[in-house]
There are 2 protein chains.
Amino acid sequence: MSDKVEQNWKEILHAHITKKGLRLTQQRLLISEVFFEEVQHHTNIDELYQHIREKNPGIGYATVYRTLKLLTECGLATSMQFSDGTRRFEPVTDHHDHLICTECGKIMEFENEAIENLQDEVALSFGFSLTSHTMELYGVCDGMKNQGVCSVQ
Amino acid sequence: MSDKVEQNWKEILHAHITKKGLRLTQQRLLISEVFFEEVQHHTNIDELYQHIREKNPGIGYATVYRTLKLLTECGLATSMQFSDGTRRFEPVTDHHDHLICTECGKIMEFENEAIENLQDEVALSFGFSLTSHTMELYGVCDGMKNQGVCSVQ
DNA sequence: TTAAGTGCAAACCTTTTGCTGCCCC
DNA sequence: GGGGCAGCAAAAGGTTTGCACTTAA
């Protein structure tokens, strides 16, 4: 997985903000720093918000939501709806899918070219031009199978 | 795809209701009939509710939600969160995945054993025991590509 | 008869929006 | 200095819940 975004998000964000005549505020910078450099991928709003408030207790949910929306417009972030209804945000890196432990909540990322090729075939057979997909695999991870406890959040 | 559920839902529902000491009310029967026999699969609450109200204008959203929850507990229904955030309900039939036209909203169902096998492999390689998955392919269907109009809702 | 279910409205939860004062450019 | 922005609170949208009345068994 590339860390292009981790390296370049400041440039990309700055370019977008300049182009649109927006402003790079302290809040936007802080929220972005925490989002890209501090919390784990697949964070939810609450977790992100807690981390942000540790550094600036005055920030409100609205600003976090608005900044996440801004990052999404830059192509730097994306949100996912998991099938349990929770919404999570992650930095945009290379495309990947998710493998989720239903016992401990651990989320792994993976890519599989063979599956992607088959998806294209399926779409073609229905006359569809594929533009994107989501795939989530749910199961039980090693840690939970062996010990009933998993050290990874 | 089997239509086991379409044939048997009354029996299954009745058995569940009896076992749990619940009651087969007019509302539950009406909502289930509309859900299993009248609306298309992948219905959303509003569409379902409109159809139901045509037959019994007095029914409220709460009853529809409560009945859908009951059907889910029986294993007769399931709900899905699509990546655009909408929630849809469908009768439980054989497992399948979804192919969705982003232009006209058409939803196709498909199964692909080769993909499922690869999913198992991926999960195993991470030490996971796979229990379920969701996969949604987004693209543009034939109708929309050719005419810019699609006759299928 | 009586406990479960319905309908209604209110509560809830997550996300968005309007407004007023603030601050980046 | 002026317009975009933050913070707050209120609104919105979707789903659940409490309560008093109704109804299936």
Side-chain angles (χ1 to χ4, degrees), chain A residues 10 13-35 42-50 52-74 77-90, chain B residues 10 13-35 42-50 52-74 77-90:
Chain A
K10 279 186 186 171
L13 177 60
H14 192 266
H16 181 86
I17 277 179
T18 303
K19 194 174 96 184
K20 297 270 183 174
L22 308 177
R23 291 174 190 175
L24 188 56
T25 61
Q26 292 178 353
Q27 290 89 338
R28 284 176 174 170
L29 204 49
L30 171 61
I31 292 167
S32 302
E33 277 171 3
V34 171
F35 179 65
H42 320 111
T43 188
N44 58 42
I45 281 282
D46 288 331
E47 184 193 22
L48 183 61
Y49 190 60
Q50 294 319 314
I52 289 162
R53 285 186 70 113
E54 284 173 18
K55 308 200 168 181
N56 178 344
I59 287 184
Y61 268 102
T63 302
V64 178
Y65 275 111
R66 283 190 276 231
T67 300
L68 249 7
K69 190 175 180 185
L70 177 66
L71 295 176
T72 302
E73 286 163 9
C74 307
T78 188
S79 76
M80 319 168 276
Q81 289 276 156
F82 283 93
S83 62
D84 65 357
T86 62
R87 183 179 176 190
R88 291 176 176 272
F89 296 86
E90 65 176 4
Chain B
K10 279 186 186 170
L13 177 60
H14 192 266
H16 180 86
I17 276 179
T18 303
K19 194 174 96 186
K20 296 268 181 175
L22 309 177
R23 292 171 188 178
L24 187 55
T25 62
Q26 293 176 355
Q27 290 90 335
R28 284 175 173 172
L29 203 50
L30 172 60
I31 292 168
S32 303
E33 278 170 4
V34 172
F35 179 66
H42 319 112
T43 189
N44 58 42
I45 281 281
D46 287 333
E47 183 193 23
L48 183 61
Y49 190 60
Q50 293 320 313
I52 288 163
R53 285 187 69 114
E54 284 173 19
K55 308 199 168 181
N56 178 345
I59 287 184
Y61 267 101
T63 302
V64 177
Y65 276 110
R66 283 190 276 230
T67 301
L68 249 6
K69 189 175 179 184
L70 177 65
L71 293 176
T72 302
E73 287 163 9
C74 306
T78 187
S79 76
M80 317 168 279
Q81 290 275 156
F82 283 93
S83 62
D84 66 356
T86 63
R87 182 178 177 189
R88 290 176 175 273
F89 296 86
E90 65 176 4

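Keep in mind that what you see is a predicted model, and the values were worked out from it rather than measured.
- For DNA chain D, the residues of residues 19-34 of chain B within the heavy-atom distance limit of 4.0 Å (strictly under) are B:R23, B:L24, B:Q26, sorted by number.
- Between B:N56 and A:I17, the residue whose closest nucleotide on DNA chain C is further toward the 5' end is B:N56.
- The base of D:dG7 lies close enough to the side chain of A:R66 for a donor and an acceptor atom to sit less than 3.5 Å apart.
- Within the 4.5 Å cutoff, no side-chain heavy atoms of A:Q81 are placed close to those of B:R87.
- Between B:E33 and B:K10 the shortest side-chain heavy-atom distance falls below 4.5 Å.
- Nucleotide D:dG13 holds its C1' atom 13 Å from the CD atom of A:Q81, rounded to whole Å.
- B:N56 CG to B:I31 CD1: the interatomic distance, rounded to the nearest 0.5 Å, is 8.5 Å.
- What separates CG of A:N44 from C1' of C:dT15 is a distance of 14 Å, to the nearest Å.
- For the pair B:E73 CD and D:dT16 P, the interatomic distance rounds to 11 Å; values are reported in whole Å.
- Residues B:L30 and B:I59 are in side-chain contact: their nearest non-hydrogen atoms beyond the backbone lie under 4.5 Å apart.
- In this entry the distance linking CD of A:E47 with P of C:dT14 reads 15 Å, nearest Å.
- Using a 4.5 Å heavy-atom cutoff, the side chains of B:S32 and B:L71 are in contact.
- Scanning all heavy atoms of the two residues, the minimum distance from B:T67 to B:R28 falls at OG1-CG, 3.8 Å.
- Put simply, CZ on A:R88 is 13 Å from P on C:dT14, counting in whole angstrom units.
- Both A:D46 and A:K69 sit near DNA chain C, but only A:D46 has its closest nucleotide nearer the 5' end.
- When distances run from any side-chain atom of A:Y65 to the nucleotides D:dT15, C:dT6, C:dT15, the shortest one goes to C:dT15.
- When the side-chain nitrogen and oxygen atoms of B:R87 are compared with OP1 and OP2 of D:dT15, one or more of them lie within a distance under 4.0 Å.
- One can place CG of B:L70 at 17 Å from C1' of D:dT15, the figure rounded to the nearest angstrom.
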Exercise for review: Please lay out, stage by stage, how A:L70 and A:L22 fare under the test side-chain contact (heavy atoms from CB on, under 4.5 Å).
Suggested key: CA-CA 10 Å; A:L70 177 66; A:L22 308 177; 3.8 Å; yes
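- Rounded to an integer number of Å, the gap from A:Y61 OH to C:dT14 C1' is 9 Å.
- The rotation axes computed at either terminus of the helix from C:dT1-D:dA25 to C:dC25-D:dG1 lie 30° apart, taking five pairs at each end and rounding to 10 degrees.
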Exercise for review: Could you walk me through whether B:T78 and B:E90 pass the side-chain contact (heavy atoms from CB on, under 4.5 Å) test, one step at a time?
Suggested key: CA-CA 6 Å; B:T78 187; B:E90 65 176 4; 3.7 Å; yes
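- Atom CG in A:L13 sits about 11 Å away from atom P in D:dC5, given to the nearest Å.
- Proximity of A:V64 to A:I52: side-chain heavy atoms (C-beta onward) are separated by under 4.5 Å at one or more points.
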